[in-house]
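Since the structure is predicted, the reported quantities are computational estimates derived from the model, not experimental observations. Basis for what follows: all heavy atoms, side chains included, without hydrogens, waters or symmetry-related copies. Lettering of chains follows the sequences in order, A, B, ..., and the numbering in each one begins at 1.
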Number of protein chains: 2
Amino acid sequence: MKPKITLKDIARELEVSISTVSKALKNSEEISRDTKDKIQAFAKLYNYKPNNIAVSLKNRRTKNIGVIIPDIVHHFFTTVILGIEKYANAKGYNVLVCVSNEGYEREVINMELLANGSIDGFIMSLSTETQQKSDYNHIKEVTDQGIPMVMFDRVTERIQCDKVVIDDAQGAFLAVKKFVESGKKKIALITTDDYLSVGKARTDGYKKALAHYNIPLEESLILKMPSMEVEATAFDSFFKTQEVDAVLCVNEIFAMHAMRLVHGMNKRIPEDISFIGFTDGLLSKFAMPSLTAIAQHGELMGEEAARMLIEKVETESDEATFTTTVLQPTLIERASTL
Amino acid sequence: MKPKITLKDIARELEVSISTVSKALKNSEEISRDTKDKIQAFAKLYNYKPNNIAVSLKNRRTKNIGVIIPDIVHHFFTTVILGIEKYANAKGYNVLVCVSNEGYEREVINMELLANGSIDGFIMSLSTETQQKSDYNHIKEVTDQGIPMVMFDRVTERIQCDKVVIDDAQGAFLAVKKFVESGKKKIALITTDDYLSVGKARTDGYKKALAHYNIPLEESLILKMPSMEVEATAFDSFFKTQEVDAVLCVNEIFAMHAMRLVHGMNKRIPEDISFIGFTDGLLSKFAMPSLTAIAQHGELMGEEAARMLIEKVETESDEATFTTTVLQPTLIERASTL
DNA sequence: TATTAACACGAAACCGTTTTCGTAACTTTT
DNA sequence: AAAAGTTACGAAAACGGTTTCGTGTTAATA
């Protein structure tokens with residue numbers, strides 16, 4: 001076991017000062033060719049690597065960006081992380097991911113933890129609980145300290161910062177359009193309560209699309225879940241009582257559950273009932289029949305968020321000018337629609 | 001915008017020394033009740049939080065643990081992270097996740113990055129490429145420096161460290177047992193090349209189980225993919241040429257793909273062909289029919305890995321005694337088997 | 001009243017870097 | 001040969017904390 005070697009070690013060994021070593025390793029003009037060669041060779045031999053912590057403390061920059069997501073098991077979020085990593089790594093930044101697990105408490109703790117020096121900026125998506133409580137003080141505190149922040153997907157207008165979202169309403173619109181154009185009339189929506197920002201936007205888009213196609217809105221065709229969990233009995237009674245020929249679901253899980261139910265009722269998909277689900281994840285791809293989906297372009301979203309953040313991090317300008325980037329969703333047609 | 005407040009700021013404001021402030025905030029006995037009250041009140045008022053970087057530098061401990069996983073989109077790994085976070089957070093540790101994206105290069109970079117002071121220990125699972133190259137120098141360097149390390153799932157005997165794996169062979173055995181007991185005879189295996197440690201173990205278990213039940217091993221019933229990717233044509237010709245009544249797949253994706261293929265050939269699942277897949281993830285749950293699966297207990301694995309690591313981190317003992325924990329998989333019966 | 005102990009606090013070193021500034025020792029200029 | 005300019009390096013402060021040790025003041029003891 002050979003413990004890590006420091007500048008001081010090199011300096012002592014080579015009988016020069018610490019400053020000389022530091023400069024030599026940075027190839028400073030101040031140091032003679034000879035000394036530089038000697039020091040660099042020695043450093044390479046002993047595999048010297050500067051201590052990140054010390055460098056961060058000195059420079060007051062960590063080259064780390066903190067990402068807080070509600071749920072790491074959810075495919076969408078993982079693709080966003082992929083995009084963030086991709087861009088950030090290319091720019092020499094490291095990505096620290098923390099999971100709030102859809103909880104307010106863990107979101108606060110993780111943010112405080114990272115905010116105390118560990119990162120140069122945040123990329124985050126709100127947890128369900130935070131959106132319900134509508135308490136954003138922990139976030140405000142961070143931005144008040146001047147730490148750059150980018151929110152994505154689950155955002156709030158209560159915080160002034162850069163944001164990147166997809167046009168959820170447009171996604172719902174695309175889905176309804178698809179249904180209408182294949183002759184469907186009784187179009188249902190399975191969604192969550194409105195406090196989830198995305199749930200609301202998608203519901204709005206659904207309603208707007210119906211209006212656009214002159215289809216009367218029937219509230220009874222909208223099934224709202226109180227959370228992201230599937231409530232089996234609610235699904236059961238919904239499909240028993242309602243006559244529908246197309247269903248738009250705000251996530252894959254809802255869609256999978258509904259499709260199985262409908263399948264059990266001996267209806268054909270897509271002939272009798274068509275399905276479209278939000279988020280083009282693994283489930284959509286491998287469902288039977290495969291599920292037509294609205295792609296959220298998570299990776300792109302991540303890249304864009306990282307780009308915005310690093311931009312802010314690297315320009316010291318105090319003037320706060322925040323932009324919101326809206327990404328356009330696309331419809332991925334598969335076997336669950338005509 | 002109010003920038004972060006430091007000990008120095010408090011000291012200046014309250015006209016005491018930095019040391020006094022530091023001690024007061026730690027409730028040291030050395031400081032009088034009065035002064036402590038005053039300082040603590042002031043600190044709370046201005047929301048003082050110690051700078052993590054400075055504390056880490058001073059203590060030479062970060063209270064961070066680094067996790068390197070090959071793929072964040074894979075459900076299994078995310079559940080492991082969940083387990084790690086759960087245990088680590090409870091112990092006051094923060095979890096930094098980096099993704100190698102199944103690549104050797106990114107694995108090396110991420111490890112070097114984190115190893116230079118950012119973390120107290122590693123939990124990792126090898127990338128595919130690293131296993132192929134069989135080059136573990138970057139890992140050896142880290143362990144040589146005395147940084148504690150725990151490997152999980154995709155491990156190598158070339159590195160001396162704590163490990164936690166599931167008994168993959170036993171998992172395969174359970175699957176074959178299930179098939180045999182429901183009267184299946186022509187049991188196929190869809191797996192990856194042997195360089196993937198888990199692929200090999202599962203194949204071994206499959207063979208051992210066949211032997212145990214006196215079923216002749218037919219190499220033609222084993223379909224090997226060169227990577228984790230599905231090669232559609234290989235699947236096609238396999239199911240066209242081979243007569244099978246049961247299929248064990250080393251991952252969900254392979255199973256999904258095969259089931260769809262078989263479905264298209266108008267065979268019934270599970271009556272004509274039964275299926276079992278490794279890793280009990282979302283796809284298994286929502287497949288049609290739902291997929292009988294071998295649960296890997298990722299969350300448990302994560303907790304165990306975190307427990308082992310923190311144990312090592314917190315005991316300074318130099319004597320290296322490494323243990324390997326083997327978790328037992330379980331069979332989750334669903335509709336794809338009789 | 002002189003001595004000692006307890007109390008409450010400050011000075012300073014330290015963690016591992018970076019960076020500014022000062023300065024010997026040469027080299028060049030006049 | 002004295003003045004000025006280079007060159008090559010070191011001392012020291014700084015980043016924001018923690019911690020050891022020393023010390024002035026007061027209270028208890030002899």
Side-chain angles (χ1 to χ4, degrees), chain A residues 3-40 42-43 46-64 112-120 145-147, chain B residues 3-40 42-43 46-64 113-120 145 147:
Chain A
K4 212 175 276 303
I5 189 174
T6 70
L7 285 188
K8 195 192 285 187
D9 298 329
I10 302 183
R12 184 176 356 90
E13 219 59 38
L14 262 38
E15 299 185 304
V16 291
S17 77
I18 294 183
S19 356
T20 304
V21 178
S22 176
K23 289 171 192 162
L25 293 178
K26 300 195 110 71
N27 234 325
S28 158
E29 286 307 320
E30 259 182 90
I31 309 298
S32 72
R33 197 59 270 161
D34 278 6
T35 329
K36 279 199 283 192
D37 286 347
K38 201 174 52 175
I39 292 178
Q40 286 170 3
F42 189 92
Y46 285 92
N47 193 26
Y48 169 80
K49 295 271 164 47
N51 179 312
N52 283 336
I53 298 285
V55 174
S56 294
L57 181 59
K58 179 62 194 169
N59 296 347
R60 291 133 98 33
R61 306 190 56 214
T62 61
K63 281 266 183 181
N64 287 160
E112 289 191 346
L113 206 52
L114 294 184
N116 288 320
S118 304
I119 51 97
D120 294 340
Q145 277 172 34
I147 300 180
Chain B
K4 215 177 273 306
I5 188 173
T6 71
L7 284 189
K8 197 192 286 188
D9 298 329
I10 302 184
R12 184 175 358 89
E13 219 59 39
L14 262 37
E15 300 185 302
V16 291
S17 77
I18 293 183
S19 359
T20 304
V21 177
S22 177
K23 288 171 191 162
L25 293 177
K26 300 194 110 71
N27 233 324
S28 159
E29 287 306 319
E30 256 182 276
I31 308 298
S32 72
R33 201 50 279 158
D34 278 6
T35 328
K36 279 200 283 194
D37 286 347
K38 200 174 54 174
I39 294 178
Q40 287 171 3
F42 189 91
Y46 284 93
N47 194 27
Y48 169 80
K49 294 271 165 42
N51 179 313
N52 284 335
I53 297 285
V55 175
S56 294
L57 180 59
K58 176 63 194 172
N59 297 348
R60 291 132 96 39
R61 306 191 57 218
T62 61
K63 281 270 184 175
N64 285 160
L113 205 53
L114 293 184
N116 289 322
S118 305
I119 51 96
D120 294 338
Q145 277 173 33
I147 300 180

Carefully, step by step, assess B/Leu14 and B/Val21 under the rule side chain to side chain contact (heavy atoms under 4.5 Å, CB included).
-> CA-CA 9 Å; B/Leu14 262 37; B/Val21 177; 5.9 Å; no

Distance in Å, A/Lys38 NZ paired with A/Thr35 OG1, rounded so as to fall on 0.5 Å steps = 6.0 Å

From A/Arg61 CZ over to A/Lys63 NZ, what is the distance, rounded to the nearest 0.5 angstrom?
-> 5.5 Å

To the nearest 0.5 angstrom, please state how far the CD atom of A/Glu13 sits from the NZ atom of A/Lys8.
-> 13.5 Å

To the nearest 0.5 Å, tell me how far B/Lys36 NZ sits from B/Leu25 CG.
-> 11.0 Å

When rounded to the nearest 0.5 angstrom, what distance separates OG in A/Ser118 from CG in B/Asn64?
-> 6.0 Å

Side chain A/Gln40, main chain A/Ala24, donor-acceptor under 3.5 Å | yes

With five pairs defining each end axis, the helix from C/dT1-D/dA30 to C/dT30-D/dA1 comes out bent, to 10°, by 70°

To the nearest 0.5 Å, how far apart are CG in B/Asp120 and CG in B/Leu114?
-> 11.5 Å

Using a cut-off of strictly less than 4.0 Å between a heavy atom of the residue and any atom of DNA chain C, enumerate the qualifying residues of residues 113-120 of chain A by number.
-> none

Here the residues of residues 22-32 of chain B within 4.0 Å heavy-atom distance, strictly under, of DNA chain C are B/Lys23, B/Glu30, B/Ile31, B/Ser32

Answer yes when B/Arg33 and B/Asp37 have at least one side-chain N-carboxylate O distance shorter than 4.0 Å, and no when they do not.
-> yes

Find which nucleotide of DNA chain C each of B/Lys58 and A/Thr20 is nearest to by heavy atoms, and output the residue with the more 5' nucleotide.
-> B/Lys58

Step by step, would you call A/Val55 with A/Thr62 a side chain to side chain contact (heavy atoms under 4.5 Å, CB included)?
-> CA-CA 8 Å; A/Val55 174; A/Thr62 61; over 6 Å; no

Test side chain to side chain contact (heavy atoms under 4.5 Å, CB included) on B/Ile39 and B/Thr20 and set out the steps.
-> CA-CA 9 Å; B/Ile39 294 178; B/Thr20 304; 4.0 Å; yes

Please work out which residues in residues 33-40 of chain B have a non-hydrogen atom less than 4.0 Å from an atom of DNA chain D and list them by number.
-> none

Along DNA chain C, 5' to 3', what are the outermost nucleotides having an atom less than 4.0 Å from a heavy atom of chain B?
-> C/dA8 to C/dG16

Just the endpoints, please: which first and last nucleotides of DNA chain D, 5' to 3', lie under 4.0 Å from a heavy atom of chain A?
-> D/dA8 to D/dG16

How close do A/Tyr48 and A/Ile5 get, heavy atom to heavy atom, and via which atoms?
-> CD1-O, 3.3 Å

Considering non-hydrogen atoms only, spot the tightest contact between B/Ala115 and B/Ile147 and give its length.
-> O-CD1, 3.8 Å

Under 4.5 Å between any side-chain heavy atoms of A/Asn51 and B/Asn116, yes or no?
-> no

Smallest separation among heavy atoms of B/Gly117 and A/Ile53, with atom names | O-CG1, 3.0 Å

Can you tell if the side chain of B/Ile18 reaches within under 4.5 Å of the side chain of B/Leu7, non-hydrogen atoms only?
-> yes

